[in-house]
Amino acid sequence: MSRRILLVILLLGSAFTQAEVVSFAQFDVEYPPLQQHINGELKGPDIELVKEIFRRTPQYQLDITQMPIARSFKAFVDGEVDTVLSFATGKFKNDSIYLDRPIRQSSYRLITLANVRHSYQSWKDLSGKRIATLRIVTLPPEVQPAVDIGKAELRRVARHEQLVQMLKRGRVDVIYMYYDIALHYAKQLGVEISTIPGAPTENRDYFLGISIKSPLLNKPKLQAELSKSLDSMYEDGTQAEILSRYGILSTVAD
């Protein structure tokens, strides 16, 4: 076979080789500074990190679809979308194949108004307090007994902003939420907040997960290739740079 014919065959082969399409469900909701509308587009560090992972893995083509959170997870569990972001300890952990490392870490803390003094040595120090958190968030195991035996009142809401609003208006004494998001809304609402000294802090790892029911042909290979790209983002500082660009300063320790 002549070298010219071989070259033509290789060129034709590459022309018909397409990157495998991988669908991703982006939550159609604002939770600044992690995601918010900027110039009419939902932007933030989470979607930027996902885009960068796939940019470094050109054999896969990222297809982003925006969906409400509940719809996103249903589609993910059913295999209608291939990937989504979630906590590895969440209710969908058995439906997911996670990358080797999280894309970021979320620091959840007990938060009060800055001018209100609270001390914490155990859950007993929360006796008589009104605590609020999101519906989908669990309290730290060190704190939960205060609610279980009725020493503290727990209220659950749907949105992050509501938690800071309730704290500002004196409707609750303590909120438990992702601290970077709390700081954003506190600044927006003109209120100063602080964490409770000594209170437990939970650092939750946030992962890109691949649906077990995804129709993708080789999910272990996809997991390995995307993990390799994310590793390179940690190593060259891109992961930290994307977070800091949006005011998220915490990164995941090795």
Under a 4.5 Å cut-off applied to non-hydrogen side-chain atoms, are V191 and L167 in contact? no
With the side chain counted from C-beta on, respond yes when I175 and I131 share a heavy-atom pair under 4.5 Å apart, and no when they do not. no
Verdict with supporting geometry, Q188 and E161, side chain to side chain contact (heavy atoms under 4.5 Å, CB included): CA-CA 10 Å; Q188 192 177 75; E161 185 178 9; 3.9 Å; yes
When you compare the side chain of Q223 with that of D100, does any pair of heavy atoms fall below 4.5 Å? yes
Exam field: side chain D173 to backbone R130, donor-acceptor pair closer than 3.5 Å: yes
Spacing of CD belonging to Q162 relative to CE belonging to M177, to within rounding of 0.5 Å: 10.5 Å
Single-linkage hydrophobic cluster L139~V164, side-chain heavy atoms < 4.5 angstrom: yes
Start with the C-alpha distance between I103 and E52, add both sets of side-chain angles, then the distance that settles side chain to side chain contact (heavy atoms under 4.5 Å, CB included), and finish with yes or no. CA-CA 11 Å; I103 66 164; E52 180 62 20; over 6 Å; no
When rounded to the nearest 0.5 angstrom, what is the spacing between CG in D82 and CG in L216? 4.0 Å
What pair of heavy atoms forms the shortest contact from L134 to R156, and how long is it? O-NH1, 2.6 Å
Does a salt bridge link D95 with K213, judged by any charged N lying under 4.0 Å from a carboxylate O? no
State whether K187 and E192 are salt-bridged, where the test is any N-O pair (Lys NZ or Arg NE/NH1/NH2 against Asp/Glu carboxylate O) under 4.0 Å. no
Would you call the rings of Y108 and Y178 parallel, tilted or perpendicular if under 30° counts as parallel and over 60° as perpendicular? parallel
Side chains of Y60 and L222: does their closest heavy-atom pair fall under 4.5 Å? yes
With hydrophobic residues grouped by side-chain heavy-atom distances under 4.5 Å, do V50 and Y246 end up in a single group? no
May I ask you to say whether D236 pairs ionically with R56, meaning some side-chain N is under 4.0 Å from a carboxylate O? yes
Going by ring-ring contact (aromatic ring centres under 6.0 Å, His included), F87 matches just one of Y98, F92, Y206. Which one? Y206
If you compare all heavy atoms of A182 against all heavy atoms of I111, which two are closest, and at what distance to 0.1 Å? CB-CD1, 3.6 Å
Does a donor on one side chain and an acceptor on the other come within less than 3.5 Å for Q35 and Q26? yes
What I want to find out is whether D46 reaches R104 closely enough, with some N-O distance under 4.0 Å, to be called a salt bridge. yes
Starting at NE2 of H160, measure out to CD of Q165 and round the result to the nearest 0.5 Å. 13.0 Å
State, with a plain yes or no, whether a side-chain heavy atom of D180 is found less than 4.5 Å away from one of L34. no
Note: L243 and L49 closest approach over all heavy atoms is CD2-CD1, 4.1 Å
Residues Q59 and E225: side-chain donor-acceptor under 3.5 angstrom: yes
Hey, any chance V29 and I64 share a hydrophobic cluster, counting ILVMFWY side chains that come within less than 4.5 Å of each other, even indirectly? yes
If you compare all heavy atoms of L163 against all heavy atoms of Y176, which two are closest, and at what distance to 0.1 Å? CD1-O, 4.3 Å
Hydrophobic cluster membership, with links at side-chain heavy-atom distances under 4.5 Å among I/L/V/M/F/W/Y: are Y120 and I149 in one? yes
Would you check if the side chain of D78 reaches a backbone N or O of A75 as a donor-acceptor pair within less than 3.5 Å? no
Just wondering, do P32 and H37 contact through their side chains at under 4.5 Å, heavy atoms? no
Taking atom CZ of R245 and atom OG1 of T238, what is their separation to the nearest 0.5 Å? 9.0 Å
Side chain proximity check, Q61 to V21, heavy atoms < 4.5 angstrom: yes
Please say yes or no: joined through hydrophobic side-chain contacts below 4.5 Å, possibly via intermediate residues, are F24 and V77 part of one cluster? yes
Return the set of residues passing salt bridge (charged side-chain N to carboxylate O under 4.0 Å, His left out) with E153 (not counting sequence neighbours), or none when no residue passes. R155
Which heavy-atom pair separates A25 from V84 by the least distance, and what is that distance? O-CG2, 3.7 Å
Any side-chain donor paired with an acceptor under 3.5 Å for D148 and Q144? yes
Just say parallel, tilted or perpendicular for the rings of F76 and F73, cut-offs at 30° and 60°. perpendicular
NZ of K151: more than 12 outside heavy atoms within 6.0 angstrom? no
Start with the C-alpha gap between R109 and S107, add the side-chain angles, then the distance that decides, and say whether side chain to side chain contact (heavy atoms under 4.5 Å, CB included) holds. CA-CA 6 Å; R109 306 185 185 184; S107 180; 3.0 Å; yes
Passing candidate, side-chain contact (heavy atoms from CB on, under 4.5 Å) with I196, options T201, V174, D125: V174
Quick one: CG on N203 to CG on D205, what's the gap to the nearest 0.5 Å? 8.0 Å
Criterion side chain to side chain contact (heavy atoms under 4.5 Å, CB included) on L42 and I47, from CA distance to verdict: CA-CA 9 Å; L42 276 172; I47 191 63; over 6 Å; no
Counting only N and O atoms by type, is there a donor-acceptor contact under 3.5 Å from the side chain of Q36 to the main-chain atoms of K43? no
Quick one: CG on L154 to CG on L126, what's the gap to the nearest 0.5 Å? 11.0 Å
Under the 3.5 angstrom rule, does the side chain of K219 hit a backbone N or O of I97 as a donor-acceptor pair? no
What are the two closest non-hydrogen atoms of P197 and H118, and how far apart are they? CD-O, 3.7 Å
Are I242 and P45 close enough that some pair of their side-chain heavy atoms sits under 4.5 Å apart? yes
Just checking, any donor-acceptor pair under 3.5 angstrom between side chains of D63 and S23? no
